[in-house]
2 protein chains.
Amino acid sequence: MSSNIRRSMPLFPMGIVMQLTELSARQIRYYEEHGLISPARTEGNRRLFSFNDVDRLLEIKELIEQGVNLAGIKQIFAARQSTMPSNEPVAETVKEKVKKPDLTDEELRKLLRAELVEAGRFNRTSLRQGDMARFFH
Amino acid sequence: MSSNIRRSMPLFPMGIVMQLTELSARQIRYYEEHGLISPARTEGNRRLFSFNDVDRLLEIKELIEQGVNLAGIKQIFAARQSTMPSNEPVAETVKEKVKKPDLTDEELRKLLRAELVEAGRFNRTSLRQGDMARFFH
DNA sequence: TTTGTGATGTAAGAAAATATAACATATCAT
DNA sequence: ATGATATGTTATATTTTCTTACATCACAAA
């Protein structure tokens, strides 16, 4: 499903993610340092977080609040990765590699934009305004 | 509906919006200057755009490509505002004003976070990861 | 108790991203 | 030709984020 593209698209800067998660920059960077998340970077090396990244940070935060340490969280994530069949079969990943060998961030955004325009056109005439939201279903 | 909160939440910095819309910073600022959008600001005065803002910019871009000038676009938006009954009845706006008299950005983000946590909990155990996306339906 | 480790805070300095303002330019209708 | 509209460009200031280093605090192990 192409919603994965959307959910993994680098969109948010550090400041927003801090507010969204109520984590400190230090914490977020520390979690990255330990491989729990891998936000994208701008050309200028600023972190850009995706919806997935924010999701993950919220999970991390919850687990930490429940007393799990980073090592534990790492295991939990790893276990999930290996034991869960995953919505997106591995083949899909391969297929994507084949069909789109290394989408750049810019290409990704073009894709998103295209979908947005389309989604917007959808309920623009009949409703009052484009709804970027329905884009995430 | 509370999806309005989400759709109007200030999330994106200028750089991302430029890529998402393929508009120049100059253009985006110019459109704001002429009242076509009103992005929020950080404490430090940086613009923060919402999904709605991006939607609007994409609309503006399309209309401009179709030869409509800013004055025309302004009229179109104004007309939409007044003639369309709007999904969200006016009463709702009033109600929100009554129940939540002036939500700050921070409060808005707390709301979003809360919903995210909940949404995450939903398909976290049975699926592989939280799905911030389903949050936007 | 002392020591070590994990998780986070804080501060310094550099670099990137963005802000406003001013001036330039191209198109187009008058 | 003139003037307005829309956008590009440049300069300068400010904010935001980056990395690195050191401080701290809680807790487990020795």
Side-chain angles (χ1 to χ4, degrees), chain A residues 9-50 53-54 56-78 105-106 109, chain B residues 9-50 53-54 56-78 105-106 109:
Chain A
M9 183 163 333
L11 292 174
F12 310 111
M14 176 62 86
I16 291 293
V17 175
M18 290 173 63
Q19 296 182 85
L20 243 27
T21 61
E22 279 195 336
L23 291 168
S24 68
R26 182 66 167 94
Q27 287 177 297
I28 294 171
R29 297 193 191 109
Y30 187 72
Y31 301 154
E32 176 186 16
E33 194 181 328
H34 289 268
L36 295 181
I37 51 169
S38 299
R41 299 284 181 135
T42 67
E43 281 186 17
N45 201 36
R46 267 78 217 282
R47 269 166 268 254
L48 280 183
F49 300 82
S50 66
D53 291 326
V54 176
R56 217 150 217 261
L57 286 171
L58 289 170
E59 267 194 275
I60 293 171
K61 188 183 183 190
E62 235 189 40
L63 288 170
I64 286 199
E65 277 162 3
Q66 292 169 6
V68 184
N69 63 13
L70 288 209
I73 297 176
K74 206 178 298 190
Q75 289 304 317
I76 291 173
F77 286 172
D105 276 6
E106 202 187 324
R109 292 209 186 76
Chain B
M9 181 163 336
L11 292 174
F12 310 111
M14 177 60 87
I16 291 294
V17 176
M18 289 173 64
Q19 297 181 84
L20 243 28
T21 61
E22 280 195 333
L23 291 167
S24 69
R26 183 66 167 93
Q27 288 176 297
I28 295 171
R29 296 193 192 108
Y30 187 71
Y31 302 154
E32 178 187 15
E33 194 181 328
H34 289 267
L36 296 181
I37 53 170
S38 300
R41 300 282 182 137
T42 66
E43 280 185 17
N45 200 37
R46 268 76 225 280
R47 270 167 265 255
L48 279 184
F49 300 82
S50 66
D53 291 326
V54 177
R56 220 149 212 259
L57 286 171
L58 290 171
E59 268 193 276
I60 293 171
K61 190 185 181 188
E62 236 190 38
L63 288 170
I64 285 200
E65 277 161 5
Q66 291 168 9
V68 184
N69 64 12
L70 288 210
I73 298 176
K74 207 177 295 188
Q75 289 305 315
I76 292 173
F77 286 171
D105 276 6
E106 201 188 324
R109 293 210 185 75

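What you are looking at is a predicted structure, and each value in this text was computed from that prediction instead of being measured. First the proteins, then the strands, lettered A, B, ... as listed; each starts at 1.
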request  = Enter the inter-axis angle for the ends of the helix from C:dT1-D:dA30 to C:dT30-D:dA1 (five pairs per end, rounded to 10°).
outcome  =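 Its terminal axes enclose an angle near 20°.
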What are the two closest non-hydrogen atoms of [X] and [Y], and how far apart are they?
X	Y	value
A:I28	A:L23	CG1-CB, 3.9 Å
B:P39	B:I37	CD-C, 3.6 Å
B:L48	B:P10	CB-CB, 3.7 Å
B:K61	B:T21	NZ-O, 3.1 Å

Grab the N/O contacts between the protein and nucleotides 20-30 of chain C below 3.5 Å, and write none if there aren't any.
| unit_1 | atom_1 | unit_2 | atom_2 | d |
| --- | --- | --- | --- | --- |
| C:dT20 | OP1 | B:R41 | NH1 | 3.1 |
| C:dT20 | OP1 | B:R41 | NH2 | 3.2 |
| C:dT20 | OP2 | B:R47 | NH2 | 2.3 |

Return the value, rounded to whole Å, for the distance between atom [atom1] of [X] and atom [atom2] of [N].
X	N	atom1	atom2	answer
A:I28	C:dA7	CD1	C1'	14 Å
A:I60	C:dA7	CD1	P	11 Å
B:Q19	C:dA17	CD	C1'	12 Å
A:M18	D:dT16	CE	P	11 Å
A:E22	C:dG9	CD	P	13 Å
A:F49	D:dC18	CZ	C1'	12 Å
B:L48	D:dT15	CG	C1'	12 Å
B:F12	C:dT18	CZ	C1'	17 Å

I'd like to check [X] versus [Y] (side-chain heavy atoms, cut-off strictly below 4.5 Å). Are they in contact?
X	Y	result
B:L11	A:L11	no
B:L70	B:I64	yes
A:D53	A:V17	no

task = Provide the full list of salt bridge (Lys or Arg N to Asp or Glu O under 4.0 Å) pairs with a residue in residues 30-39 of chain A, sequence neighbours left out, each pair given once.
result =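 Listed once each, the pairs are A:E32-A:R41, A:E32-A:R47.
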ask   = Going by modelled atom types, is there a donor-acceptor pair between the base of D:dT17 and the side chain of A:R46 at under 3.5 Å?
value =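 Indeed, a donor on one side and an acceptor on the other fall under 3.5 Å apart.
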request  = Please tell me which of B:E43 and B:S24 maps to the more 5' nucleotide of DNA chain D, matching each residue to the nucleotide holding its nearest heavy atom.
outcome  =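 Residue closer to the 5' terminus by nearest nucleotide: B:S24.
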Using OP1 and OP2 only, check whether a side-chain N or O of [X] sits under 4.0 Å from [N].
X	N	answer
B:Y30	D:dT7	no
B:T42	D:dT16	yes
B:Y31	D:dT7	yes

query = Is the charged tip of A:R56 near the ring of A:F77: under 6.0 Å from the six-membered ring centre and within 45° of its axis?
reply =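 Yes, A:R56 sits over the ring of A:F77.
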ask   = Does A:E43 CD have over 12 foreign heavy atoms under 6.0 Å away?
value =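 Atom CD in A:E43 is not crowded, with 12 or fewer foreign heavy atoms closer than 6.0 Å.
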key: Nearest listed nucleotide, side chain of A:Q27, among D:dA6, C:dT18, C:dT8   =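 For A:Q27, the side-chain atoms sit closest to C:dT8.
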ask   = Does A:G44 or A:A71 map to a spot on DNA chain C nearer the 5' end, using the closest nucleotide for each?
value =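 Result: A:A71.
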